[in-house]
Every structure is written in C-alpha cells, then in structure tokens.
2 protein chains.
Amino acid sequence: MFSDSPADMASHEERVKSALVSMPSYEEISTLAARFKAISEPSRLKILLALSCGELCVEHITQAVGGNQSAVSHQLKTLKDNKIVKARRNGKQVMYSVSDEHIMTMISVAKEHLNCDE
Amino acid sequence: MFSDSPADMASHEERVKSALVSMPSYEEISTLAARFKAISEPSRLKILLALSCGELCVEHITQAVGGNQSAVSHQLKTLKDNKIVKARRNGKQVMYSVSDEHIMTMISVAKEHLNCDE
DNA sequence: ATATCTTATGAATTGTTATTCATATGATAA
DNA sequence: TTATCATATGAATAACAATTCATAAGATAT
C-alpha cells in the first residue's frame, strides 16, 4: 500500500474544489493564452528580445532579426494586438517598443528559468 | 521635417548593434519560445492554473479542467517536456505540480498585465 | 497470474498559424 | 501633384499542432 491515506484523498478533493473556484473565466484564459502565444514563436520572440534593448523602427527591427519587411510587419501586428509591444509614429517611420514592465519581467524571469536546468 | 535628427539616427544604429550583440543564441530562443508555446494553449494554461493551487493527480486535473483523460495526458506531457510542470508517482497515480517559482511568477505577472488594460 | 485502476502513447485526422507575394496605405519632399 | 520612402495588409499556400480513438504500460490487490 503506497498510495495516499483517506485523509490525503480528502485534501486532494479540496484542491480540486479550490482549483475550480479560483479558475479564471474563459475570457481571461483565452486572453492570457493568446498573449503567451504571441511571444511563443521564435521569430516574434526574437523581435521582442531586440526591443528589450530599446525602441526601434521596423526597418531596424528587420535588420536586427533578419527576415523580410512584410513578415516582420505581420509579426509586429500580432505582438501589438496582444499588447506585448506598442507603437508610435515618427515621421515616415513607426517606432516599436516593449509595452510595459510586466513584459520585461516576464522575459527576464523566463531567461532565469532557462538557466535553472540544462 | 518631423523625423529624428541625424544624431538620433546614429543612436538608432547603436541600438540595432546592441540588439544584435545581446541576442540570445538560436537554441536559447528556440527553447524559450517552446516554453511559452507550452503555456499558450488555453487547455494547457488551464491545467497550469489548476496546478497553481497545488499538486493534483491526472484524474483530478481532468476533473478540474474538464476534458478527457487522453487529451489531458498529452497536454501534461507537453507541459512536462517544457519544464512547466513536474511529476512524481504515488502508487497508481501520478501527481503533477508547477515546476518552480519562476513559473508561478510568470503566471502572476501575466495576470497583472491583464489587469492593466481592458 | 489475473484483474483492475490509472496514466501514457502512436497514428490519423482536423484545425490553426506562419510566411510569402503582391499591393495598398501613410508620410514627406520636390 | 507626383515621386519616393516606410510600413501595413489580404489572400493563398505551406508548415505545424491539437484532439481523438484505440491500445499499451505501470502499479497494486486478490
């Protein structure tokens, strides 16, 4: 007999209940997931990493990540729609930057997590 | 004339350079992206949110997120392969839990980011 | 050993998403 | 206005990933 005692099983049920009551709404989960998805493609993550060094225009982002203008523009749109980056126009150019400190924190925490293993 | 001065353009070039030199390797970017991808599907994110309340066995996870056992098992594999969750066997059951504090931090920062807008 | 409970996996189908190409839009300068 | 530079977008194809179903494997009890 190696499994949990009846008392432990009861606490498991409690945890199922607390997981159920504290579960965010369908909408919140969808939005969160979409935002993680936005930074889950290497091409877009690379853009985000480039922008974590400072504001850049589309052409410079394209240089920094390597690729073509159209692809980068599509990728930036995804990042912007998901509030990962923000944009401001400056003459003919559009300058992109990381949306806020939360995103910066996520990047650095993710990098730390990377160092923990391997 | 509304665009940046020549001096500003020079600093832009500097930022391209610093983005290029500080850019993580292809492998690091791939790993990071894969980890974000693991938590970027609503079904898997939901599992992670459930586990953020405490360790659960597969059956209870299945109850907490709604779905079928096979799907949940596949989803758990993806999460585990990407070090988002960890597993330990307890008799017939396998108990899953959030891999470490980095992941917990990421979840809470992402939730905060959600509160900032909308 | 056999039965039962719990979890994991392979293969196929279905559904999604990324990238490309061509072109459109926005901004400035001449 | 027209030309040019910078960025964005629509549509299509091509690459990828999620879910399902059937079944296998691991663990314990009888």
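Keep in mind it's a predicted model, so treat the numbers as computed, not measured. Here is the naming used below: chain letters follow the sequence lines, and residue numbers restart at 1 for every chain.
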Nearest to the side chain of [X] - [options]?
{"X": "A:Q75", "options": "C:dT19, D:dT7, C:dT6", "value": "C:dT19"}
{"X": "A:A71", "options": "D:dC5, D:dA8, C:dT20", "value": "C:dT20"}
{"X": "A:K37", "options": "C:dT17, C:dT9, D:dG26", "value": "C:dT17"}

[X] [atom1] to [N] [atom2]: how many Å, rounded?
{"X": "A:Q93", "N": "D:dA8", "atom1": "CD", "atom2": "P", "value": "11 Å"}
{"X": "B:E41", "N": "D:dT19", "atom1": "CD", "atom2": "C1'", "value": "11 Å"}
{"X": "B:D81", "N": "D:dA18", "atom1": "CG", "atom2": "P", "value": "12 Å"}
{"X": "A:Q63", "N": "D:dT7", "atom1": "CD", "atom2": "P", "value": "10 Å"}
{"X": "A:L56", "N": "D:dA6", "atom1": "CG", "atom2": "C1'", "value": "15 Å"}
{"X": "A:N68", "N": "D:dA6", "atom1": "CG", "atom2": "P", "value": "16 Å"}
{"X": "B:L45", "N": "D:dA18", "atom1": "CG", "atom2": "P", "value": "13 Å"}
{"X": "B:K92", "N": "C:dT6", "atom1": "NZ", "atom2": "P", "value": "6 Å"}

Looking at the base of D:dT9, is there any donor atom on it, or on the side chain of A:S70, that sits under 3.5 Å from an acceptor on the other one?
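Answer yes: a donor N or O sits under 3.5 Å from an acceptor.
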Begin from the C-alpha positions of B:R15 and A:H60 and carry the test side chain to side chain contact (heavy atoms under 4.5 Å, CB included) through to its verdict.
CA-CA 9 Å; B:R15 261 177 268 158; A:H60 287 161; over 6 Å; no
Please work out if B:Q69 contacts a base, only the sugar-phosphate, or nothing of the nucleic acid, heavy-atom cut-off 4.0 Å.
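If one applies the 4.0 Å heavy-atom cut-off, B:Q69 turns out to touch a base.
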Ignoring hydrogens and geometry, is there a side-chain-to-backbone donor-acceptor pair from A:R89 to A:G91 under 3.5 Å?
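Present.
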Under 3.5 Å donor-acceptor, A:E28 side chain and A:S25 backbone
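Checked: pair present.
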Quick one: is [N] close enough that its OP1 or OP2 comes under 4.0 Å of any side-chain N or O from [X]?
{"X": "B:S43", "N": "D:dT19", "value": "yes"}
{"X": "B:R89", "N": "D:dA27", "value": "yes"}
{"X": "B:Y96", "N": "C:dA8", "value": "yes"}
{"X": "A:R44", "N": "C:dT17", "value": "no"}

Is there a side chain to side chain contact (heavy atoms under 4.5 Å, CB included) between A:V85 and A:Q75? Walk through the geometry before answering.
CA-CA 11 Å; A:V85 305; A:Q75 290 153 2; over 6 Å; no
With centres under 5.5 Å and planes under 30° as the test, does A:H74 stack with C:dT19?
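The ring of A:H74 is not stacked on C:dT19.
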Check this for me, if you would: do A:E41 and B:K37 make a salt bridge, where the nitrogen-to-carboxylate-oxygen distance has to be below 4.0 angstrom?
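A salt bridge is present here (some side-chain N lies under 4.0 Å from a carboxylate O).
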